Amino acid sequence: ARPGDSLEFMVSSEEGEFDVAMVRLFQVDERPCAPPYREQVVAADCAGRYPGRKKRLVTGSYLRIANHELLESTSFTLTAWIYPTTAGRGRQGLFGKGVCAGGSGYELLISEAGRLRFALGRPSGGALVLEGTQRLEKAWYFIAAGYDSSSGRTFIWQKRRSEIAPHLSAADVADSASAAGEAMPSNRADLLLGALHAADSAEVPSCFNGKIGGPAVYHRALSPAEITALYESRSIDCAGLAARWDLAAHPFGTSIPDRSRNGLDARAVNHPMRAVTGARWDGSAAHFLMKPAHYAAIYLHEDDLADAGDRK
């Protein structure tokens, strides 16, 4: 701050009142055994006693996309590259739209056991749950999940990029499962990436720890062959694309553009780390500006915080 600038203080206090004073600190002894700092009170307009209240900080970074009719399709597919860093440490959301336990919506997440789980709301209440068999490691995975309303088919699909994870076994890199059942995934809630909706509040719990790259939503159920083609990069997009977010664009801002031309831009909450190495990074570029496509990922953390949200 420069002379004449205004400073703003955000105070959270469990006490009913708190005191504010401006002090100048003195310390002229640099030795490790030096005495403590001395304080000199300085006259200031802000000095005095103020009422206190406890402010709960809502931490965790994620992406939020405002609801759109293309995101309300009863048939859909979710795809993304993920690099989990704390799989097995509680529920961690990847895609969340509504609360499926309430009879609508869907949740794609990492379960408490560290496995990929997909849950869809049912018209009769409860949820249709599908879970993979493999525990996710610290490696890049391509994941997909979806629902076909015409057949009732629900599916999940995951495959690890073993060629860039030599410390892991190359066996059993693929895992998929499917089931049939009536579901009601459509609702008007915003879509969250890297978090889930809460059932009883506006907060977003179960934030993801790790990196996400190339997230996309399709308003139809993709076939296994199409999902495999996306994994192998033989096809960038498939027919029925609702949104695909370019995480390499505008890495210093909070707006993330949708490249599907449908205008479903995402907003980054709590300032996740941008321009980090993605699934395509091969070590040939040491900086984002050299090969942006190799840094097209975003790093989410459950303890990220941009602003306490209190301007009063």
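If you're wondering where the values come from, they're calculated on a predicted model, not measured in any experiment.
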For [X], salt bridge (charged side-chain N to carboxylate O under 4.0 Å, His left out) partners two or more places apart:
X	value
R89	E302
R56	E203
D246	R259

Who are the side chain to side chain contact (heavy atoms under 4.5 Å, CB included) partners of [X], not counting sequence neighbours?
X	value
H250	P257
H294	R280, W281, D282, S284, K291
E112	R91, R117

List for me each residue that meets side chain to side chain donor-acceptor pair (under 3.5 Å) alongside [X], sequence neighbours excluded, and say none if there are none.
X	result
S149	T74, S75
T77	none
S111	E131
S223	E226

Return the set of residues passing ring-ring contact (aromatic ring centres under 6.0 Å, His included) with Y299 (not counting sequence neighbours), or none when no residue passes. H301
Taking only distance into account, with no hydrogens and no angle test, what donor-acceptor pairs under 3.5 Å do side-chain atoms of residues 13-23 form with protein atoms, sequence neighbours excluded?
unit_1, atom_1, unit_2, atom_2, d
S13, OG, E15, N, 3.1
S13, OG, E15, O, 3.4
D19, OD1, R49, NE, 2.7
D19, OD1, R49, NH2, 3.3
D19, OD2, R49, NH2, 3.2

